[in-house]
Amino acid sequence: MVETDEFIEDAVAEIREEIGDANAVIALSGGVDSSVAATLAYEAIGDRLTPVYVDTGLMRKGETAEIRQTFSFMESLRVIEAQDRFFDRLSGVVDPEEKRHVIGEGFIDEFEAVAREVDADYLVQGTIYPDRIESEGNIKSHHNVGGLPEVVDFEGIVEPVRDLYKDEVREVARALDLEEVISERMPFPGPGLAVRVVGEVTPEKADVAREACHVVEEELEEYDPWQAFGAVIGKATGVKGDNRVHGWVVAVRSVESRDGMTARAQEIDWSTLQRIQSRITGENENVARVVYDVTHKPPATIEYE
C-alpha cells in the first residue's frame with residue numbers, strides 16, 4: 001500500500017513543479033479519483049486551479065447537485081450543462097470504442113473552452129494505473145487516456161494519481177479527510193452511463209440506466225460491492241397489466257474486487273434480486289425484464305462497454 005503522507009507531500013510538490021506559475025483546470029467528476037486529484041492540485045496551486053464539472057446527461061442520479069454542495073468550498077468551481085451537446089455527438093454512434101473517443105473529445109472541448117476563459121495552460125486529471133493499463137493493452141479506451149484526441153490545446157496534462165490503484169486512491173482520500181461519500185464511493189466510469197447502454201445512447205436509455213443504477217446501489221448497499229449497477233442491454237417482449245410491451249432489458253451487475261483489474265460476480269440472495277427487479281420494472285413502464293450478470297472478470301469486463 002502507498003504511504004499516504006509521503007505520497008501527498010510528493011504529489012503536491014510535483015504538481016507545483018509541473019504547473020509552475022500557470023493556471024490549470026481540472027476535470028472533476030465527483031468520483032474518488034478526480035476528487036483526490038482536485039484536492040491535491042488545489043493544495044498545490046490554490047485559486048489558480050479551476051475545477052470543471054461537465055454534466056453530460058450521463059451522470060448518476062442527483063450527481064450535479066451533490067457536486068455543487070460537496071465542492072462549494074472551491075469558489076472557482078464551474079458546472080457546465082452540456083447534456084444536449086453530448087447527446088448530439090453520440091447520435092448514431094454504436095461502437096463502444098467510438099463512443100469513448102467521442103466522449104473524450106467532448107470533454108476536452110468543454111475543458112479547453114473554460115481554459116481559454118481563465119487563461120489556463122494545464123489540464124489536471126484523475127487518471128489511475130488501471131486506466132492506463134487497460135488503454136495501453138487495448139482492452140478499452142478511457143476518456144482520460146486512450147479516448148483523448150491526438151491534439152489538445154494544453155501545454156501539459158498533469159495526472160497526480162496515475163500510478164495508484166483504486167484502493168490506494170481511497171487511502172489517500174481518507175488521509176486528505178475527504179467526506180466518506182467521496183472516499184468510499186464505488187467506481188463510476190468516466191464516460192458515465194454511455195458504457196452502461198449497449199448500442200446507441202439516447203436520453204431515454206440514459207434515464208432508464210440512471211434509475212436502474214440508483215435502485216441497484218440502494219438495494220445492494222448491505223453487500224458492500226466493489227461496483228454495482230444496472231445496464232440497458234437491449235429490448236425484449238414483456239407483459240404489463242393486460243398489454244404486451246416491447247421494453248428495455250436491464251442487466252444488473254454486482255462484483256467484488258480489490259483494484260478493478262480482476263473481479264468476481266457477487267452471489268446475491270434471490271429475494272434481493274426479486275426486490276430489485278420489482279422496483280426497476282415497477283418504477284419504469286418501459287422496462288420489460290431484468291436479468292442478473294454472473295460473469296467474472298475475466299472473461300468479461302466490469303462495465304458493459
Side-chain angles (χ1 to χ4, degrees), residues 23-87 103-104 106-115 117-118 120 122-128 131 142-144 147 158-161 166 169-170 172-174 176-196 201 203 206-207 209-214 216-218 221 227-229:
N23 295 329
V25 295
I26 180 162
L28 179 63
S29 70
V32 65
D33 303 336
S34 68
S35 296
V36 166
T39 304
L40 293 170
Y42 193 72
E43 185 171 333
I45 65 171
D47 291 338
R48 288 188 286 116
L49 177 74
T50 300
V52 181
Y53 169 80
V54 180
D55 187 342
T56 61
L58 303 166
M59 319 306 290
R60 289 180 174 102
K61 186 175 183 177
E63 185 87 75
T64 301
E66 193 169 86
I67 288 291
R68 290 184 190 275
Q69 180 178 343
T70 302
F71 294 95
S72 59
F73 68 95
M74 295 183 178
E75 294 184 5
S76 53
L77 173 67
R78 297 283 189 94
V79 176
I80 310 297
E81 303 285 351
Q83 300 94 324
D84 291 345
R85 290 193 289 278
F86 274 80
F87 282 119
I103 291 169
F107 272 119
I108 288 296
D109 285 351
E110 300 295 335
F111 300 143
E112 287 179 343
V114 174
E117 290 181 35
V118 300
Y122 289 86
L123 172 66
V124 184
Q125 294 193 135
T127 310
I128 64 174
D131 296 341
H142 288 263
H143 78 284
N144 52 359
V158 181
E159 298 172 323
V161 294
K166 181 72 73 174
V169 179
R170 294 194 194 282
V172 175
R174 296 176 192 122
L176 290 168
D177 293 325
L178 291 180
E179 296 179 24
E180 191 172 309
V181 69
I182 296 295
S183 66
E184 310 310 316
R185 175 174 251 179
M186 72 175 65
F188 188 72
L193 298 174
V195 296
R196 295 179 180 176
V201 183
D207 284 341
R210 182 170 16 258
E211 293 300 324
C213 287
H214 179 67
V216 171
E217 288 189 21
E218 279 193 342
E221 186 176 3
Q227 199 162 352
F229 57 89

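We number each residue from 1, following the sequence as shown.
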So, do Phe111 and Val54 sit near enough that their side-chain heavy atoms are less than 4.5 Å apart? yes

When you compare the side chain of Leu58 with that of Phe87, does any pair of heavy atoms fall below 4.5 Å? yes

#### Entry: Electrostatic pair Lys61-Glu218, nearest N-O below 4.0 angstrom
no

Note: Cys213 and Phe229 closest approach over all heavy atoms is SG-CB, 3.7 Å

Residues passing the salt bridge (charged side-chain N to carboxylate O under 4.0 Å, His left out) test with Arg48, sequence neighbours excluded, are none

What one should report as the nearest heavy-atom pair of Gly30 and Ile67 is CA-CD1, 3.2 Å

Please table the atom pairs, donor to acceptor, closer than 3.5 Å between any side-chain atom in residues 176-184 and protein atoms at least two apart or in another chain.
from   : atom 1 : to     : atom 2 : distance (Å)
Glu184 : OE1    : Arg174 : NH2    : 2.9
Glu184 : OE2    : Arg174 : NE     : 2.8
Glu184 : OE2    : Arg174 : NH2    : 3.3

### Query
Side-chain contact, heavy-atom cut-off 4.5 Å: Thr50 with Val114?
yes

- Message: With a 4.5 Å cut-off on side-chain heavy atoms, are Lys166 and Gln227 touching?
- Response: no

- Message: Do Phe188 and Leu193 make a side-chain contact, defined as non-hydrogen atoms from C-beta onward lying under 4.5 Å apart?
- Response: yes

Do Glu63 and Tyr53 make a side-chain contact, defined as non-hydrogen atoms from C-beta onward lying under 4.5 Å apart? yes

Identify all side-chain donor-acceptor contacts of residues 78-85 below 3.5 Å with residues at least two apart in sequence or on another chain.
from  : atom 1 : to     : atom 2 : distance (Å)
Arg78 : NH1    : Glu117 : OE1    : 2.9
Arg78 : NH2    : Glu117 : OE1    : 3.4
Glu81 : OE1    : Gln83  : NE2    : 2.9
Gln83 : NE2    : Asp55  : OD2    : 3.4
Arg85 : NE     : Glu110 : OE2    : 2.8
Arg85 : NH2    : Glu110 : OE1    : 3.2
Arg85 : NH2    : Glu110 : OE2    : 3.4

Rounded to the nearest 0.5 angstrom, the CG-CG distance for Asp47 and Asn23 is 10.0 Å

CZ (Arg68) and CG (Leu77) are apart, to the nearest 0.5 Å, by 7.5 Å

Heavy-atom nearest pair, Val124 first then Pro160, reads CG1-CD, 3.9 Å

Between the CZ atom in Arg60 and the OG atom in Ser29, the distance rounded to the nearest 0.5 Å is 7.5 Å

Taken to the nearest 0.5 Å, the spacing of Leu123 CG from Glu159 CD works out to 8.5 Å

Fill in: Tyr42 and Pro51, any side-chain heavy atoms less than 4.5 Å apart
no

